[in-house]
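Below is one structure, written out as structure tokens; comments come after it.
Letters go in sequence order (proteins before strands), and every chain restarts at 1.
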There are 2 protein chains.
Amino acid sequence: MSHESKDYIAALHSRGYRVTPQRLIVLDAVCELQGHATVSDIQNKVNLLDSTIDRSTIYRALDILTEVGLVVASEMDAETGRVYRIAGEAHHHHLLCQACGEVFSISTDILFPVFQQIRDTYGFEVWADHLALKGLCERCARKQPGG
Amino acid sequence: MSHESKDYIAALHSRGYRVTPQRLIVLDAVCELQGHATVSDIQNKVNLLDSTIDRSTIYRALDILTEVGLVVASEMDAETGRVYRIAGEAHHHHLLCQACGEVFSISTDILFPVFQQIRDTYGFEVWADHLALKGLCERCARKQPGG
DNA sequence: ATCATTGCAAATTGTTTGCAGAATG
DNA sequence: CATTCTGCAAACAATTTGCAATGAT
């Protein structure tokens, strides 16, 4: 588990939160799902280990884990909604193919120049922690050119 | 109204849909709201003219107007959700300041080079019709540097 | 005269909340 | 042993759907 290196006990305690089995199971689930995990993904994973853990508990755990900085939330597209990943894992953006549904990851670097330019031009500082771009992947673009 | 130039009657009829007062009022509302209009914005506007038009009717009208290509839907951020605008209006992206909440518009041109590069590198064709970037505007960035 | 469309109400989905009992520090 | 936390159920908000009545073509 990549989060073992982080001191999750200290992270929780630092804000007066307690360490509970439910929260650790949720944290593990997010970790094992390796990026862009939805609440449903997480619940499925969690309930394999303990089927009595309620959905509301998962929501609350994710809120708290996000607040203390152990996990990071970001918005995928409208259908997928909010997704979670372990904090500190390599940032990347997503390319969402609207034809086959596949998700591709790209490094943040590729977008850095534009964000720089937006800063220069508009004085606006883009938070580049996560971005989901819709479009067509190579294979699907060949099948249905133009979209 | 900028949509009068479009033949909305033909657009609706071409797919077997009928032209109803409710649909025209919704179309007008989207038009007058001038970009990124939420369902609630639209409902408020619509109900000024006719308070008997139901929310479900507005949802259905927006679906159909989008399907026939008279309006375009896109996702703002998670809180704002889906927004609508008249099709054919100048495309632009949005910068959402997370401190003051203001929305800035930027032209699509600035992002064109990156999308080109993503195409070259990943073979992925980004749909650049609308993008909402979160961050801090100039004024707020000065107040709370670093975010 | 058809058949799509509307308004209403109820169903659905996704998320949040109140509370009594259980568990943590 | 004082609080925080959990599971349950109920509350909510946003969107969708079934249906009888209405209205467009």
Kindly indicate, with the supporting measurements, whether the criterion side-chain contact (heavy atoms from CB on, under 4.5 Å) is fulfilled by Lys134(B) and Val126(A). CA-CA 6 Å; Lys134(B) 298 186 196 179; Val126(A) 176; over 6 Å; no

Protein-nucleotide distance ([X], atom [atom1]; [N], atom [atom2]), rounded to Å:
X	N	atom1	atom2	value
Glu75(A)	dG14(C)	CD	P	15 Å
Arg55(B)	dT6(C)	CZ	P	16 Å
Ile9(A)	dG25(C)	CD1	C1'	12 Å
Gln43(A)	dT16(C)	CD	C1'	15 Å

Could you work out, with side chain to side chain contact (heavy atoms under 4.5 Å, CB included) as the rule, every residue matching Glu102(B), not counting sequence neighbours?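 Listed in chain order: Cys100(B), Phe104(B), Arg139(B).
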
Close approaches to DNA chain D from residues 10-18 of chain A, in residue order (heavy atom, under 4.0 Å):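 Here the set is Tyr17(A), Arg18(A).
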
Please give me every residue in residues 58-68 of chain B whose heavy atoms get under 4.0 Å of an atom in DNA chain D, ordered by residue number.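 Within this stretch, Tyr59(B), Arg60(B) sit under 4.0 Å of the strand.
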
Going by heavy atoms in the side chains, are Gln116(B) and Phe112(B) under 4.5 Å from each other?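 Yes, close enough: below the 4.5 Å cut-off.
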
Do Tyr8(B) and Val68(B) come within less than 4.5 Å of each other through their side chains, counting heavy atoms only?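 Counting from C-beta outward, Tyr8(B) and Val68(B) never come under 4.5 Å.
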
Mapping Asp54(B) and Pro21(B) onto DNA chain D by nearest heavy atom, which one lands closer to the 5' end?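 Nearest nucleotide further toward 5': that of Asp54(B).
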
Evaluate Ile86(B) against Leu27(B) for side-chain contact (heavy atoms from CB on, under 4.5 Å), listing each step before the verdict. CA-CA 8 Å; Ile86(B) 294 292; Leu27(B) 184 59; 3.7 Å; yes

side-chain N/O Ser56(B) vs dT6(C) OP1/OP2, d < 4.0 Å: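 Answer no for this pair, as no side-chain N or O of Ser56(B) is under 4.0 Å from OP1 or OP2.
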
Phosphate-side-chain proximity, Arg23(B) and dT6(C), N/O vs OP1/OP2 below 4.0 Å: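 For dT6(C), OP1 or OP2 has a side-chain N or O of Arg23(B) closer than 4.0 Å.
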
Using a cut-off of 4.0 Å on non-hydrogen atoms, how would the nucleic acid contact of Thr52(B) be classed: base, sugar-phosphate, or nothing?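 Sugar-phosphate, backbone atoms only, no base.
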
Just by modelled atom types, is the Leu96(B) backbone N or O under 3.5 Å from a matching donor or acceptor in the Gln98(B) side chain?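 Pair found, side chain donor or acceptor close to backbone of Leu96(B).
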
With no hydrogens and no angle check, is any side-chain donor or acceptor of His93(B) less than 3.5 Å from a backbone partner on Leu131(B)?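 Yes, His93(B) side chain to Leu131(B) backbone: donor-acceptor pair under 3.5 Å.
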
Side chain to side chain donor-acceptor pair (under 3.5 Å) contacts touching residues 69-78 of chain B (sequence neighbours left out):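 Every pair satisfying side chain to side chain donor-acceptor pair (under 3.5 Å) with a residue in residues 69-78 of chain B: Glu75(B)-Arg82(B), Asp77(B)-Thr80(B).
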
If you apply the rule side-chain contact (heavy atoms from CB on, under 4.5 Å), what do you find for Tyr84(A) with Thr38(A), and how did you get there? CA-CA 6 Å; Tyr84(A) 296 87; Thr38(A) 65; over 6 Å; no

How would you give the extent of chain B contacts on DNA chain D, as first and last nucleotide 5' to 3' within a 4.0 Å heavy-atom cut-off?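 Span of nucleotides near chain B: dA14(D) to dT25(D).
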
Taking all atoms of both residues into account, what is the closest heavy-atom pair of Arg23(B) and Arg18(B), and its distance?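 Shortest heavy-atom separation between Arg23(B) and Arg18(B) comes out as NH1-O, 2.8 Å.
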
Hey, can you pull the donor-acceptor pairs under 3.5 Å for the side chains in residues 57-66 of chain B, sequence neighbours left out?
unit_1	atom_1	unit_2	atom_2	d
Tyr59(B)	OH	Arg55(B)	NH1	3.3
Arg60(B)	NH2	Ser56(B)	OG	3.4
Thr66(B)	OG1	Leu62(B)	O	2.7

